[in-house]
Amino acid sequence: DKGNHRHFMAKEIHEQPEVVGRTIAHYVDMAALRVAFADPFPFDFKSLSRLTICACGTAYLAGYVARYWFEKLARLPVDIDVASEFRYREVPMTPGGLALFISQSGETADTLASLRYAKREGQHVLSVVNVATSTIARESDTTAATLAGPEIGVASTKAFTCQLAVLLALAVAAGRARGVLSADEERRIVEAMIGVPSLMTEALKREVDIEHLSRELAKASDVLYLGRGTSFPLALEGALKLKETSYIHAEGYAAGELKHGPIALVDEHMPVVVLAPPGELMEKTVSNIQEVAARGGRIILVGDARAAHEAALDTFATIEMPDVDPIVAPLVYALPVQLLAYHAAVFMGKDVDQPRNLAKSVTVE
Ligand code: M6R
């Protein structure tokens, strides 16, 4: 049932304040402002020397965002790869390590094969899944569910942000266990997490502007997405979302990598979507976009009033975002990214819920 929406993708984008709120409420103690998992972990974050993350597509990109969190909040080294590579890399793993698999469907063939490999290598297997009865959930030692509800649209939206919510809670739990995060820092992050649903609702209010802007994307044959830090994997996700729904060629790049090649592509026909949430890297991202502007690129800036102010003169358009705590920015900034892809595809008359050549669940390698 699509409710009042034209497509499942639209419905699922708009459900995010609710389902992400529900997922966060499940993993935090609202009164104590602490992360709280119902059962104690059957492994010890404190003694881990490495975390291995493995998934496909959008789930992989959620893991890629989480890598920054585990490294920063828990000082835990992270190895991450797409499952189709991981499963054949013959990765040597130290027994007793932790391997984390992320999957909406819980049935993705490559992710499942990677999980089985990790088990054979003596890893403890933790999975973040949306379908609690799935094969990946069943074969894991521990699961942390995303409470996104059924996701019908082939392009993953609400599963992604719910994955981010669970992964952030896990990173905080790891940070506490490893003695990296103080109780005060944990409280600040948990407060920020609790604030996410209302910030998402705020971000969804930009939809009319985003719809308008998406027509600009629809005219393009190539689009670049740029970001730094956790906005880098989000840039990759933006490009993936646009490719799969609208069939427009798009690439995500780390903003600082631009001058090492891709800037050669930039001309006045090239929209460049720049994700510049607040944080220590915002100014660096903004300075990278000045280089794009100097070459005539049409910059669509996704940022708050400060970023807009810093970049004001040179942008083609700004999607002005509410003020967010940098740590939760990927959850909130995911929404304009999804809406851009959705509206570009709808404007172009594409079948957003069932893009050509794609299946919701990829059960063959
Ligand atoms: O069910 P999974 O989360 O394991 O699926 C992984 C990918 O196939 C999936 O995220 C795919 O990339 C989506 N079409 C992205 O929107």
Side-chain angles (χ1 to χ4, degrees), residues 7-13 15-16 19 23 53-66 80-87 99-116 118 125-140 143-167 225 233-248 250-252 330 334-335 337-342 344-345 350-365:
H7 302 98
F8 282 108
M9 187 177 173
K11 171 174 176 262
E12 289 162 1
I13 289 173
E15 268 172 6
Q16 289 176 104
V19 297
T23 302
I53 304 181
C54 187
C56 299
T58 289
Y60 161 73
L61 295 171
Y64 208 147
V65 171
I80 174 160
D81 204 352
V82 290
S84 53
E85 285 302 310
F86 180 85
R87 64 181 291 189
L100 168 59
F101 298 87
I102 307 161
S103 176
Q104 187 285 129
S105 64
E107 302 296 345
T108 301
D110 285 321
T111 309
L112 181 58
S114 299
L115 181 159
R116 289 174 177 160
V125 167
L126 166 64
S127 65
V128 173
V129 286
N130 197 42
V131 180
T133 53
S134 60
T135 314
I136 288 176
R138 280 201 315 272
E139 294 199 12
S140 299
T143 61
T146 47
L147 308 180
E151 190 181 62
I152 310 293
V154 165
S156 184
T157 54
K158 62 175 180 170
F160 175 68
T161 45
C162 285
Q163 285 159 353
L164 292 180
V166 176
L167 292 165
Y225 285 75
L234 193 60
L236 297 175
E237 168 62 4
L240 174 60
K241 218 82 304 167
L242 189 69
K243 277 184 272 213
E244 64 179 340
T245 58
S246 72
Y247 318 145
I248 297 170
E251 296 292 340
L335 275 54
V337 158
Q338 297 164 351
L339 285 170
L340 267 175
Y342 170 75
K350 306 299 183 206
D351 184 354
V352 283
D353 284 337
Q354 269 308 336
R356 68 185 182 202
N357 309 340
L358 295 176
K360 182 64 184 161
S361 182
V362 185
T363 54
V364 289
E365 70 172 300

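These figures come from a predicted structure and were not determined experimentally. Every number for a ligand or one of its atoms is a count from 1 in the order of the listing.
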> Out of all atoms in ligand 1, which are within 4.0 Å of some heavy atom of Ser156? Include the element for each.
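So the atoms of ligand 1 that pass are 15 (C), 16 (O).
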> Applying the side chain to side chain contact (heavy atoms under 4.5 Å, CB included) test to Ile152, which of Gln354, Lys360, Glu12 qualifies?
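That would be Glu12; it is the only one of Gln354, Lys360, Glu12 passing the side chain to side chain contact (heavy atoms under 4.5 Å, CB included) with Ile152.
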> Identify, with sequence neighbours excluded, every residue that meets side chain to side chain donor-acceptor pair (under 3.5 Å) alongside Thr135.
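Here the qualifying residues are Glu107.
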> So do the side chains of Gln104 and Gln163 get within less than 4.5 Å of each other, counting heavy atoms only?
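The answer is yes; the side chains approach within 4.5 Å.
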> Starting from atom 10 (O) of ligand 1, which protein heavy atom do you reach first, and at what distance in Å?
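Protein heavy atom at minimum distance: Thr58 N, 3.1 Å.
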> How far is atom 16 (O) of ligand 1 from the closest protein heavy atom, and which atom is that?
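Of every protein heavy atom, Glu244 OE2, 2.3 Å lies nearest to atom 16 (O) of ligand 1.
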> Which of the atoms of ligand 1 are close to Ala59, meaning less than 4.0 Å from one of its heavy atoms?
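In order of numbering, the contacting atoms are 3 (O), 10 (O).
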> For Gln16 and Thr157, test the side chains for any donor-to-acceptor distance below 3.5 angstrom and give the result as yes or no.
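Thr157 and Gln16 do not have a side-chain donor-acceptor pair below 3.5 Å.
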> Between Ser140 and Ser127, do the side chains contain a donor N or O and an acceptor N or O under 3.5 Å apart?
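Their side chains do contain a donor-acceptor pair, which is all the 3.5 Å distance test asks for.
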> Quick one: does Asn130's side chain have a donor or acceptor within less than 3.5 Å of a partner on Ala148's backbone?
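Flag set: sc Asn130 to bb Ala148 pair under 3.5 Å.
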> So is Val154 in contact with ligand 1, going by heavy-atom distances below 4.0 Å?
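Contact present.
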> Keeping Tyr225 on the side-chain end and Leu242 on the backbone end, is there a donor-acceptor pair under 3.5 Å?
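Side chain of Tyr225 to backbone of Leu242: no pair is present.
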> Any N or O of Thr111 that comes nearer than 3.5 Å to an N or O of ligand 1?
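N/O-N/O distance under 3.5 Å: no.
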> Do any N/O atoms on Thr108 end up under 3.5 angstrom from N/O atoms on ligand 1?
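Yes: some nitrogen or oxygen of Thr108 is under 3.5 Å from one in ligand 1.
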> By number and element, which atoms of ligand 1 are closer than 4.0 Å to a non-hydrogen atom of Gln104?
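Counting from 1, the qualifying ligand atoms are 1 (O), 2 (P), 3 (O), 4 (O).
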> Does Ser103, backbone or side chain, put an N or O under 3.5 Å from an N or O of ligand 1?
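Indeed, backbone or side chain, Ser103 has an N or O that close.
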> Is there a donor-acceptor pair closer than 3.5 Å between any side-chain N or O of Asp81 and the backbone N or O of Ile53?
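It does not hold such a pair.
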> Is there a heavy atom in Ser361 that sits closer than 4.0 Å to ligand 1?
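Heavy atoms of Ser361 never come under 4.0 Å of ligand 1.
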> Identify, for atom 1 (O) of ligand 1, the protein heavy atom at the shortest distance, and state residue, atom and that distance.
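The protein heavy atom lying closest is Ser105 OG, 2.7 Å.
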> Just to confirm my output: which protein heavy-atom neighbour is closest to atom 8 (O) of ligand 1, and how far is it?
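I find the closest protein heavy atom is Val362 CG2, 4.0 Å.
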> Can a donor-acceptor pair be found, under 3.5 Å and without considering hydrogens, that links the side chain of Ser114 to the backbone of Ala83?
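Yes.
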> Tell me which protein heavy atom sits closest to atom 7 (C) of ligand 1, plus the residue, atom name and distance to 0.1 Å.
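Protein heavy atom with the smallest distance to atom 7 (C) of ligand 1: Cys56 O, 3.6 Å.
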> Show which atoms of ligand 1 fall inside a sub-4.0 Å distance from at least one heavy-atom site of Ala155.
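Within the 4.0 Å cut-off of Ala155, ligand 1 contributes 16 (O).
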> Counting heavy atoms only, which part of Lys241 comes closer than 4.0 Å to ligand 1: side chain, backbone, both or neither?
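It is the side chain that gets close, since no backbone atom is under 4.0 Å.
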> Ignoring hydrogens and geometry beyond distance, is a side-chain donor-acceptor pair present between Lys241 and Thr58 at under 3.5 Å?
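Yes.
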